[in-house]
Structures are given as C-alpha cells and as structure tokens.
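Have a look at the structure below before the remarks.
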Amino acid sequence: MSRYSKEDIVRMVEEEDVEFIRLQFTDIFGMLKNVAITASQLSRALDNRCMFDGSAIEGFVRIEESDMYLYPDYDTFEIFPWRPQQGKVARLMCDVYRPNGEPFEGDPRYVLKKVLREASDMGYTFCVGPECEFFLFHTDEEGRPTTNTNEMAGYFDVGPIDTAENVRRDIVMNLEEMGFVVEASHHELAPGQHEVDLEYMDGLTAADNIVTFKMAVKAIARRHGLHATFMPKPKAGVNGSGMHINMSLADKNGQNLFVDETDKNGLSRAAYEFMAGILAHMREITLLTNPLVNSYKRLVPGYDAPVYVAWSASANRSALLRIPCSRGEETRLELRCPDSAVNPYLALAACLAAGLDGIRKHMEPPASVDTNIFVMPEEKIRELQIERLPETLGDALEAYEGSSFVRQVLGGHVFTKYLEAKRTEWKKFRAEVTDWEVEEYLYKF
C-alpha cells in the first residue's frame, strides 16, 4: 500500500512551506541528477508531465530521441532537513519514461524494479541492509577537497580522539528526521573513515536510500567545512571504504525464508541456493559491485576486504560472503566486496538476479571456508578450487563482457552503454603515468 497520494503531497508542500521540489533520478553510474521545480509546478510534475533532455545524461539516449519524462514515485517524498526552514526543499525519486508512455530501458531504477518483479513472481521479497562507509577530509583554502585529516582515530573510537563525532551525529539526526532508521554509526578503522548502517528494508527503498544517503552526507559534511568522499580507496596504506550488503528473502507475510533451525548452520535450502548463485556469477557482476579503477586498490590482501570467491558459515571476514552470527529472523548473507561507488540499483539488481538464478537451478555452494583465507597457502587455495575476484577493472571488464547472464539482467541498452564507458575509463587509466611509476623507475632506468 502506498504511503502518500497526490493529494497528500500537495497538502504537505503547502503545510510545510516547501518552495522547491527536486525530481531526482540517476545515470547508469549512480550519479544523482535532478530537475528542480517550484511548488507552483508540483501538480504538473505529479501528473508525469515534467520533461527533460535525456541526451545530456551519461548512458541515456541520442540527441535525436532525447525527450524523456519523469514519473515521480509518491512514496519517496521527503523534505531535506538541512536546507532552509523557510522555503524548504523536498525531493521525489522518479522513474524515467519515453514520450510514448513506456518505461525507459536505460533507467537503472527500472532495471532493479524488473528483477524485483521477477522475485515477487517467485513469491519473494528482497530485503537489504547496507553498511555505508566514507571518508571525511579537509578542504583547501579555495574549498577544494584534499585527502588530509587531522584526526588519528581508529575502529570505534570516540571523541575527543574522533574529532568528527559531531559531524556523524548531525548526519544521523538529519537522516532520522527524513524517516531513515539508522541501526548504528561509528568511526571506522582508518583516520577520517566512518560507517553508518541503515536498517533492513525492501530492495527498491534500499537503493533509493543509498543514493539519498550519499547526497545527505556530502551536504552535511560541507556545512562542517569538510568533504565527504565515497571513493573506495582515497589513500594508500589504509583501509578502503566498502558498502557491505546484507541480504535475505522474505515471503509475502514478511517471514525470513533463509531460516531453517533444523540445519546445522541455521540456513534454509533457499539460502544455500541463493548464495550459490551469487558465488557462481560473482566475477561476472564484479564490474557492477566494484565499478571504478580505484575499486581494485581496495580489493587487495591486508586491508579487511575480500579477495577470494568463498563463503563462511562461521562469520569469517576473510570470505566474500559470510553468515553473521545472528540467526532466526535476523539470518542473512553479507556480501563484503561492494564499495560505496556503486550504482545501487544495478548492483542490487545483479545480486538479486544471481541469487534467484541459484534458486531456479538448485545450485549447490562449495564447502564453507572457516579459516583465514588471507594466510592460506596458495596450494591449499588451489586444492579448494577457490577463485579470485577480478584484480583490476580490466579483469572485471573481461568477465562482464562475456556474460550473457549480466546482459539479460541489465538489458541490452544498459549492458552496452556501461561496457563502453568502462572500457573508456580503463583505456584512459592504462595510458596514465602514475607518481608511483615515476618514483620507482625514473632513477633506475
């Protein structure tokens, strides 16, 4: 059942003195876009009559077919609490449609909704709990971001060691004012690094909230004179920022379908098959869960990020997929490779589709790996037939490009546009000469 009707939104805009409404959507990389309207244009927007130029958006359409329409999702109406309290600013997440009234196949939100419908047809609701990590850095005299921080706090430290404690508190309070439920927040391992964990929610709400979360964090950090970045690995020698995704399936009544108290691990058949599907397709979808050249600087041994395609029933954090110790209705899978640079719509669509494929085909996962894979000898890794995640964006591109599974999940339009853009990114990176290369080779050779 919908939270709001058109009349509800019009009334709230009037009562709350909302002056601007942002009609928001993302490009294929998850970069947030919007068309801002005044309250006087609200009824027109709610009737799906707001048009924009789709040819100006990365991965959308050609200039000769550029007219697109934004269809607001009424249930996503929220007022930004960090904006002025007179003449407030609100937002509506939107689906993108063609002029003929058909959904635009290049809209990432459409891709996720399509896979969610497949899950629903199988009797499943996809439930997601994201763990969002980011860095807070200083800006320079001109307000440009740096990678400098004057704090030296670590895991779970508090003020005064954690000098950004009040920034994180401000972020959480603003999110809760918008209706988010924040389960926990804390300082992460690296100086300047923080984590905010959002409650379990349905897959579409999770993707919408991740996009909104990133926008809110950046805006609130700026108010404190800081720059928030979701770049996976902004500094060498410290941990990068991930976005672990906790997942489960529920039935129509909200009952967790990953639970089986008679199983030695407390997992149902659906949980094993879902997990097997993700493991089977992981290399193909890594380009979506780890989309940048920089993403693969995080996925290296020694920095608490997974490297090997394996799972653990004993909450082993060296595994790609682990089963946290909570059982019963809190039983879930935690996928540890995604980073915060993802387009959440595409990444969640790929994870769900992979899991559903495992269920349809009754896939069997390999044996649980309950020892530290990071210190496991190479011969043992080969003996257990444990694959590595792609080590570079180029490796991930190769696995993605050859995948008929990913093409089917994303549709031909998004699959091709995404591939073309990532090829260009990889080609540009390969042509660059880094500071490390100059320092390592200039004198020697």
Side-chain angles (χ1 to χ4, degrees), residues 29-32 130-157 161-165 167-168 171 185-197 210-211 213-245 286-287 289-307 336-344 347 389-393 396 422 425-426 428-430 432-440:
F29 309 118
M31 301 303 293
L32 190 61
E131 303 174 21
C132 305
E133 296 177 354
F134 56 94
F135 279 87
L136 294 175
F137 290 130
H138 295 300
T139 55
D140 64 17
E141 304 79 28
E142 298 180 353
R144 293 177 300 196
T146 71
T147 57
N148 299 325
T149 176
N150 63 3
E151 59 115 299
M152 296 300 292
Y155 221 2
F156 301 127
D157 276 340
I161 300 173
D162 176 8
T163 59
E165 189 175 54
V167 184
R168 202 168 61 244
I171 289 168
S185 66
H186 59 85
H187 196 284
E188 257 293 337
L189 193 60
Q193 189 181 34
H194 304 267
E195 178 176 318
V196 176
D197 300 337
I210 290 167
V211 169
F213 171 82
K214 291 163 77 169
M215 175 193 64
V217 169
K218 285 180 172 291
I220 294 163
R222 192 180 303 119
R223 290 202 317 186
H224 290 266
L226 298 171
H227 175 73
T229 181
F230 294 91
M231 180 179 175
K233 185 90 168 187
K235 297 184 79 168
V238 299
N239 282 34
S241 290
M243 189 183 71
H244 302 165
I245 300 175
T286 304
L287 189 65
T289 59
N290 304 87
L292 307 181
V293 165
N294 182 253
S295 297
Y296 299 87
K297 305 297 177 73
R298 169 179 165 260
L299 299 179
V300 295
Y303 294 98
D304 203 32
V307 176
R336 296 176 56 79
C337 68
D339 60 53
S340 296
V342 298
N343 181 332
L389 285 170
E391 296 186 59
T392 66
L393 186 72
K422 290 300 165 182
E425 181 180 346
W426 180 237
K428 286 171 65 177
F429 174 73
R430 289 178 60 223
E432 286 294 318
V433 178
T434 65
D435 290 343
W436 182 90
E437 291 169 274
V438 174
E439 292 173 8
E440 185 75 9

Does some side-chain heavy atom of [Y] sit less than 4.5 Å from a side-chain heavy atom of [X]?
| X | Y | result |
| --- | --- | --- |
| Leu32 | Lys214 | no |
| Leu189 | Tyr303 | no |
| Glu432 | Glu437 | no |
| Lys235 | Phe137 | yes |
| Lys422 | Pro291 | yes |
| Cys337 | Leu389 | yes |
| Arg336 | Asp304 | yes |
| Asn290 | Arg298 | yes |

Is there a donor-acceptor pair closer than 3.5 Å between any side-chain N or O of [X] and the backbone N or O of [Y]?
| X | Y | value |
| --- | --- | --- |
| Gln193 | Gly240 | yes |
| Glu195 | His186 | no |
| His194 | Leu136 | no |
| Lys233 | Val238 | yes |
| Thr146 | His138 | yes |
| Asn239 | Ala190 | no |

To check you understand the geometry: which heavy-atom pair defines the closest contact between [X] and [Y], and what is its length?
| X | Y | result |
| --- | --- | --- |
| Ile171 | Val217 | CG2-CG2, 3.9 Å |
| Asn343 | Gly30 | ND2-N, 3.1 Å |
| Thr286 | Pro390 | OG1-CD, 3.6 Å |
| Leu299 | Ala305 | CD2-CB, 4.1 Å |
| Val211 | Pro344 | CG2-CG, 3.6 Å |
| Leu292 | Pro232 | CD1-CD, 3.9 Å |

Distance from [X] atom [atom1] to [Y] atom [atom2], nearest 0.5 Å?
| X | Y | atom1 | atom2 | value |
| --- | --- | --- | --- | --- |
| Asp197 | Ser185 | CG | OG | 8.0 Å |
| Thr289 | Asp339 | OG1 | CG | 7.5 Å |
| Tyr296 | Thr392 | OH | OG1 | 7.5 Å |

Might you confirm whether atom CG of Asn150 has over 12 heavy atoms from other residues, nucleotides or ligands at distances under 6.0 Å?
->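 Yes, because the 6.0 Å sphere around CG of Asn150 holds more than 12 heavy atoms from other groups.
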Arg430, CZ atom: more than 12 neighbouring heavy atoms under 6.0 Å =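 Counting other residues, nucleotides and ligands, CZ of Arg430 stays at 12 neighbours or fewer.
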Return the orientation label for the Phe230 and Phe213 ring planes: parallel under 30°, perpendicular over 60°, tilted otherwise.
->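 Taking Phe213 first and then Phe230, their aromatic rings stand perpendicular (interplane angle over 60°).
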Derivation of the side-chain contact (heavy atoms from CB on, under 4.5 Å) call for Leu393 and Leu287 | CA-CA 7 Å; Leu393 186 72; Leu287 189 65; 3.4 Å; yes
Is it true that the side chains of Glu133 and Ser340 contain a donor and an acceptor less than 3.5 Å apart?
-> no
Derivation of the side-chain contact (heavy atoms from CB on, under 4.5 Å) call for Val196 and Phe134 = CA-CA 9 Å; Val196 176; Phe134 56 94; 4.0 Å; yes
Picking from Glu165, Glu151, Arg168, what satisfies side chain to side chain donor-acceptor pair (under 3.5 Å) with His187?
->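 Going through Glu165, Glu151, Arg168 one by one, the side chain to side chain donor-acceptor pair (under 3.5 Å) with His187 is satisfied by Glu151 alone.
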